[in-house]
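Counting from 1, the numbers follow the sequence of the chain as shown. We count ligands from 1, going down the list as the structure has it; atoms in each ligand are counted the same way. It should be emphasised that the depicted structure is a prediction, and the values quoted were computed from it without experimental measurement.
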Amino acid sequence: MSVGRGAKLLLIAIAVGFVVGILFGYTVSVTLPKDTQTVLADWFKALGDIFVRLIRVVIPLLIFFTIAAATSSIASAKKLGKVLVLILIVYIVTSALAAFWGVLAGQVFAPGALVGLQPPKDYKPPTPPSGVDVLLSFFQTDFNSLLTVGGSMTTIIFAIVLGVAVVLLGDEGRKVSQYLSLASKVMISFVRVVMYYAPIAVFAYAAWLMIRYGPVMLGAYGKFLLAQYSLTLLHFFIIYSILVALGGLSPVRYFKAQSTPFLIAFTTRSSAVTLPYNMEAAKKMGVPDELFGITLPIGATVNMDGTALYQALSAMFVAQLFGIALTPYHISLIILAAVIGSVATAAIPGGGTIMLAYVLSVVGLPLEGVGIMLVIDPIADAIRTAINVSGDNACTVFISRFLGYKLSPQ
Ligand code: ASP
């Protein structure tokens, strides 16, 4: 069976899991007694969590080997430097734009206005971590931190340095590069194996969501999701169309090739798990392996436009819920913190809401906001992950032109 057909079948299985999970969860929530519902909800959540745990285990190795293999295979260190500088600039600029949309959505839709929650009694705005703290958190102190999801940024940096070291070895390094490439293939294959479990995990999470939160999905949350989905989709259709067109690819081809990773990201809520499918899409767009091999694994962790937008909008929402007025200074802080927060977010389900604590603390907003946002996280995470992975490909196509690559879409 071809890989493309495999991805389609998987998507169908995941979609069926999702719909059946929602229906099943809804039926449980209206027919069974409360106690039984709680027990069932716990079990379903555990079935979903198994998937997340499997992903967490493979992420450091997947990121490490895909980046080290790609950087060590590029012919010259100079070319590698050019790719890295260009892609990082484009990643940061698009994330800042997305964070700006988040703030705009917060102003226009005002999803948390007039709810009037009381800030916790002994509430004092937390002290934000300093710029030095944030910078140093990208460079962990021990080698073993490379094996944790929290050490992802360090893993990326280490993998790039290792790749450069191998390139500098010249002919002697070629063998190492081949081994790294083999190991990276094994990690990608590992993800594909884990994906066989995805339909069950998606079914279980959907059922859990309905049992646990079905009725609360209304009102302020509904408005929040409307604001988030509208602006996120606008970013996807308008900004990415412009980027790929400037990169020399027709937007129609881009959206067509991107549809599979989009849906896999939407349902699995993990950029890391979607990486192999995003790479296949890049191939279909005609991007050369040596380029997307570097930009996509880095983008899976670093470039999260959907998350930046969500974190900025969530900060506005939390301020509105608690009736806290924001000055223009606060708003610029929100944009800055959302860009840094999205870079530091792990490519796993719910990673962006965990990192929301950082954004709220920088602006001095109540950290209770994290708990409030967790309620709708599975729904908010779906669209932001889909856009996170799509942005990686749009930015890659865009920079391909400046690096002199000619795209040959399949
Ligand atoms: N789930 C997202 C991703 O993997 C991260 C997030 O939670 O925002 O891209």
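Residue-level proximity to ligand 1 for R269 is carried by the backbone, the only part with a heavy atom below 4.0 angstrom. Only the backbone of I348 comes within 4.0 Å of ligand 1, judged by heavy-atom distances.
Atoms of ligand 1 found under 4.0 Å from any heavy atom of G350, numbered from 1 in the order shown, are 7 (O). Atoms of ligand 1 lying under 4.0 Å from at least one heavy atom of T307, given by number and element, are 5 (C), 6 (C), 8 (O). Within the listing of ligand 1, atoms 4 (O) sit less than 4.0 angstrom from a heavy atom of S270.
Among protein heavy atoms, atom 7 (O) of ligand 1 sits closest to G352 N, 2.6 Å. Here the heavy atom of the protein found nearest to atom 2 (C) of ligand 1 is T385 OG1, 3.3 Å. The nearest protein atom to atom 9 (O) of ligand 1, hydrogens excluded, is given as S271 OG, 2.4 Å; this is a heavy-atom distance.
For the pair T353 and ligand 1, the shortest N or O to N or O distance does not fall below 3.5 Å. The distance criterion of under 3.5 Å between nitrogen or oxygen atoms is not met by A272 with respect to ligand 1.
Ring-plane geometry between F24 and F203 is classed as tilted, the angle between the planes lying from 30 to 60 degrees on a 0 to 90 degree scale.
Side-chain atoms of R401 do not come within 3.5 Å of backbone N or O of G248 as any donor-acceptor pair. The main-chain N or O of G352 is found under 3.5 Å from a side-chain atom of Q311 such that the two form a donor-acceptor pair.
The ring-ring contact (aromatic ring centres under 6.0 Å, His included) test with H235 is passed by exactly one of Y310, Y229, Y240: Y240. If you run side chain to side chain contact (heavy atoms under 4.5 Å, CB included) between I89 and each of L86, I87, I92, V85, only V85 comes through.
With rounding to the nearest 0.5 Å, the separation of CG in L233 from CD1 in I383 is 4.0 Å.
Considering only heavy atoms from C-beta on, S390 comes within 4.5 Å of Q258 through its side chain.
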